[in-house]
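Presented below is the structure to which this report refers.
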Amino acid sequence: MNKEQYLKELKQLLSPLTKEERDEILYDYREHFDNGMRDGKTELEIINELGLPNEVAENMLEELPDAEQQPKKSNTDYARMIVLAIVLIFVNCIFVLAPVVAIIGAYISLYSVVFTFIFSPFVFLYHSLVNDVGSVIASLFTLGMGISAGVLVFLALLWIGKWIYRIIRMYINFNIKLVRGY
Amino acid sequence: MNTQFKKGILELCVLVLIYKKDQYGYELAQNISKNIDLAEGSLYPLLRRLTKEEYCTTYLAESKEGPPRKYYQLTDKGKSYMDFLIKEWEMFSVNVNELIKEALKDE
């Protein structure tokens, strides 16, 4: 385990607390790590001194009065979550799904452009070499152009793909947060 | 050792140490573990409770190396609570020593 894993585990174990409370606690432990490392200790040594995250969290939840903990979800909350989930599924199926699928389809089909750019000049080259149609120099030139254009478009597509992926993930997370209610 | 018992002792130690001078969490942990074997992680829950109960306050102060540190300072309320705990502790340890002495006397 390292510092970040330790803090992450602690954060999860402290989920019954409010966000502000949790952030403050994590800040204290982060500071402890920083001070310890400036003192020449390794992350592992500091963790051994601190004790396991679940012990710390248990201790913390014991010490804090109940008022600080987030109220448990009631049945009406669950009903609200279920209704919201159903509404979201409908909205997503009707309005979101089709455009997203279309965009992804268009995106994938753009890879055929890359393929064309890179491989069609070979046809020229083949014809000029074997059938003696057109000049070899011109077809080599086209080959160079084609490959560079293909690589450029390919890189652009990778970049766009990364953003499409991010946006879709953000949207999914947004939906999850909406249903959970925080 | 019984954890509940240890917690009480730890509370007293923390109060005495920050009475001597304001300290930040890591410093406190080092000073306590010099004398007492403890899981340093259990110090922060205690410090939060002491702050909540207004036995101490916190403030941030710049450090020469790195980010500011959170210092803990004893309040007047904390001081009288400390005095109370010290009296209790002294009485307790006198009584326990007495008990041990009497029990072993007849051996």
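Chain A is the first sequence line, chain B the second, and so forth, proteins listed ahead of strands; every chain is numbered from 1.
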* To do: Check each atom of B:L47 against the heavy atoms of chain A and say whether the ones under 4.5 Å are side chain, backbone, both or neither.
  => neither
* **Proximal component of B:E27, with respect to chain A [non-hydrogen, under 4.5 Å]** => neither
* Pair B:Y81, B:E11: side-chain N/O donor-acceptor within cut-off below 3.5 Å -> yes
* **Under 4.5 Å from a heavy atom of chain B, the part of A:Y27 involved** => side chain
* Taking NZ, NE, NH1 and NH2 as the nitrogens, is one of them in B:D83 or B:K79 under 4.0 Å from a carboxylate oxygen of the other? -> yes
* Structure fact -> So, the part of A:D34 with a heavy atom under 4.5 Å from chain B: the answer is side chain
* **Proximity breakdown for A:I25 and chain B, heavy-atom pairs closer than 4.5 Å** => both
* So how far is it from A:K3 NZ to A:E43 CD, rounded to the nearest 0.5 Å? -> 6.5 Å
* **Verdict with reasoning, A:E4 to A:K8, per salt bridge (charged side-chain N to carboxylate O under 4.0 Å, His left out)** => CA-CA 6 Å; A:E4 290 307 322; A:K8 201 175 156 193; over 6 Å; no
* Donor-acceptor contact present, side-chain B:Y44 to main-chain A:L26, <3.5 Å -> no
* Asked: More than 12 foreign heavy atoms under 6.0 Å from CG of B:D37: is that the case here?
  -> no
* With only heavy atoms counted, which part of A:E58 is less than 4.5 Å from chain B, the side chain, the backbone, both or neither? -> neither
* To do: Would you mind checking which part of A:E31 comes under 4.5 Å of any heavy atom in chain B, side chain (CB onward), backbone (N, CA, C, O), both or neither?
  => side chain
